[in-house]
There are 2 protein chains.
Amino acid sequence: MRLSRKSEYGLRALLELTKAYDQVALRRSDIAEAQHIPVGFLETILLELKRAGILGSRPGVQGGYRLIKPPEDVLVGQVIRILDGPLAPIPCVSQTAYQTCQDCPYSEARDCPIQNVMFDVRNAIAGVLDGYTLRAFSERGRNRRVGKSPQHRGNNAWSRTQ
Amino acid sequence: MRLSRKSEYGLRALLELTKAYDQVALRRSDIAEAQHIPVGFLETILLELKRAGILGSRPGVQGGYRLIKPPEDVLVGQVIRILDGPLAPIPCVSQTAYQTCQDCPYSEARDCPIQNVMFDVRNAIAGVLDGYTLRAFSERGRNRRVGKSPQHRGNNAWSRTQ
DNA sequence: ATATTGTTTAGAAAAATTATTAAGAATTAT
DNA sequence: ATAATTCTTAATAATTTTTCTAAACAATAT
């Protein structure tokens, strides 16, 4: 039940990008240094977040990565799903990537004990992780799962996809 | 956030052993067949559960493995901790195997956003998994987290350790 | 043009997971 | 005692996943 390094790095990067939201772009090397993340690995992480529409980027001087969604609109659970896949402990209880079990003696009976327990676990995990916005997450206070505050979108021409 | 094969197999094996509780011993090959588990892998799993004091075993004819703790006294969370280690997504929020983070920029500030979120996740997971006894688990009904029923311990001379 | 910075793909290295093997020891039945 | 059965142990092989690196390429601003 472990959080991957990848997701941890991704969240730490987003911490920096949330601080800089609507202000400056951060180069991957800036983020890597601030958060002690291997720069090459960080690269692949940032690109995945970009493809998912959370980050934008621009090459060249003054370039770098930016958060293009308001931090009030991004959930920690979404970030982990992007980087690590479904939150569910087993595929047969995933909401976002359901798969039937093969070789499970209960798969036909429709009443599998493991599925029942893990269904609750999935919901418990998703309940917590989808209860934190990036903003609440970055503000650190325990359990500060704040609602949305007025969105002031910056007008940016940053690439949303590709 | 995935449940390992090992824990899944272990729980499935315990399903069989709970059914047979206070009645018969099951050979590893019986369990392996009933639950479609590779017999060699199952072996190492059963032994870990034995070392942890949950199972007893005896060689020879009529031998096999038995549950030596009442299924009302064993929690699903305990089983997964034995087989997979701590439930916590990251070591710095584990109750049973706490470890400080190294290289985490927040580790000294005592106010790490990741730690805060993952603390909640750990509690959510443990809350569910420690809410199911083996008995409730094996009886399959959704959310049937029953309290303890009268314990009728069988008098057995089965090895508890070694 | 040139320096800067992101993009993409491929894949190497390391670690963890999953599984197997084989020699050995305990128990029961005869 | 002997043999058949079954668990025991340790080593390690195979596979998969995770983590990370490299290098050629493309876009941007000055």
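Heavy atoms only: backbone and side chains are in, while hydrogens, waters and symmetry mates are out. Residue numbering restarts at 1 for every chain, and letters A, B, ... go by the order of the sequence lines.
- Looking at B:Arg51 and B:Glu48, no side-chain N of the basic residue comes within less than 4.0 Å of a carboxylate O on the acidic one, giving no salt bridge.
- If you measure from atom CG of A:Leu42 to atom P of D:dC20, you get 11 Å, rounded to the nearest angstrom.
- Regarding B:Asp84, its CG atom lies at a distance of 12 Å from the C1' atom of C:dT18, rounded to whole Å.
- Side-chain atoms of A:Leu129 and A:Ile80, non-hydrogen and from C-beta on, do get closer than 4.5 Å to each other.
- Protein atom CD of A:Glu48 is 13 Å distant from nucleotide atom C1' of D:dC20, rounded to whole Å.
- Applying the ring-ring contact (aromatic ring centres under 6.0 Å, His included) test to residues at least two apart or on different chains, the pairs with a partner in residues 33-54 of chain A are A:Tyr9-A:Phe41.
- Listed candidates were C:dT8, D:dT19, C:dA19. Nearest to the side chain of B:Pro38 is C:dA19.
- The shortest distance between the side-chain N/O atoms of A:Arg51 and the OP1/OP2 oxygens of C:dT8 is below 4.0 Å.
- In terms of the salt bridge (Lys or Arg N to Asp or Glu O under 4.0 Å) criterion, residue partners of A:Glu16 (sequence neighbours excluded) are, by chain and number, A:Lys19.
- In this structure, the CG atom of B:Leu83 is 11 Å from the P atom of C:dT18, given to the nearest Å.
- In terms of position along DNA chain D, the nucleotide closest to B:Ser29 lies nearer the 5' end than the nucleotide closest to the other residue of the pair A:Val39 and B:Ser29.
- Taking side-chain N and O atoms only, A:Tyr9 has a distance below 4.0 Å to OP1 or OP2 of D:dC20.
- The NZ atom of A:Lys6 sits 11.0 Å away from the CD1 atom of A:Ile82 when rounded to the nearest 0.5 Å.
- Here C:dG6 is the nucleotide among C:dA19, D:dT19, C:dG6 with the atom lying nearest to any side-chain atom of A:Arg27.
- To the nearest angstrom, C1' of C:dT5 lies 12 Å from CG of A:Leu47.
- Atoms CZ (B:Arg5) and C1' (C:dA16) sit 15 Å apart, rounded to a whole Å.
- For the pair B:Phe41 CZ and C:dT21 P, the interatomic distance rounds to 15 Å; values are reported in whole Å.
- Considering only the side chain of A:Ser4, D:dT19 comes nearest among D:dT8, D:dT19, C:dG6.
- With respect to B:Asp84 and B:Arg2, no salt bridge is recorded, no charged nitrogen being found less than 4.0 Å from a carboxylate O.
- B:Lys50 places its NZ atom 7 Å from the C1' atom of D:dC7, with the value rounded to the nearest Å.
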| request: Go along nucleotides 22-30 of chain D 5' to 3' and tag each nucleotide: B for a protein heavy atom under 4.0 Å from its base, S when only backbone or sugar atoms are that close, - otherwise. | output: B----BB--
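- For the side chain to side chain contact (heavy atoms under 4.5 Å, CB included) with A:Leu49, the lone residue among A:Leu17, A:Leu67, A:Val79, A:Thr44 that qualifies is A:Val79.
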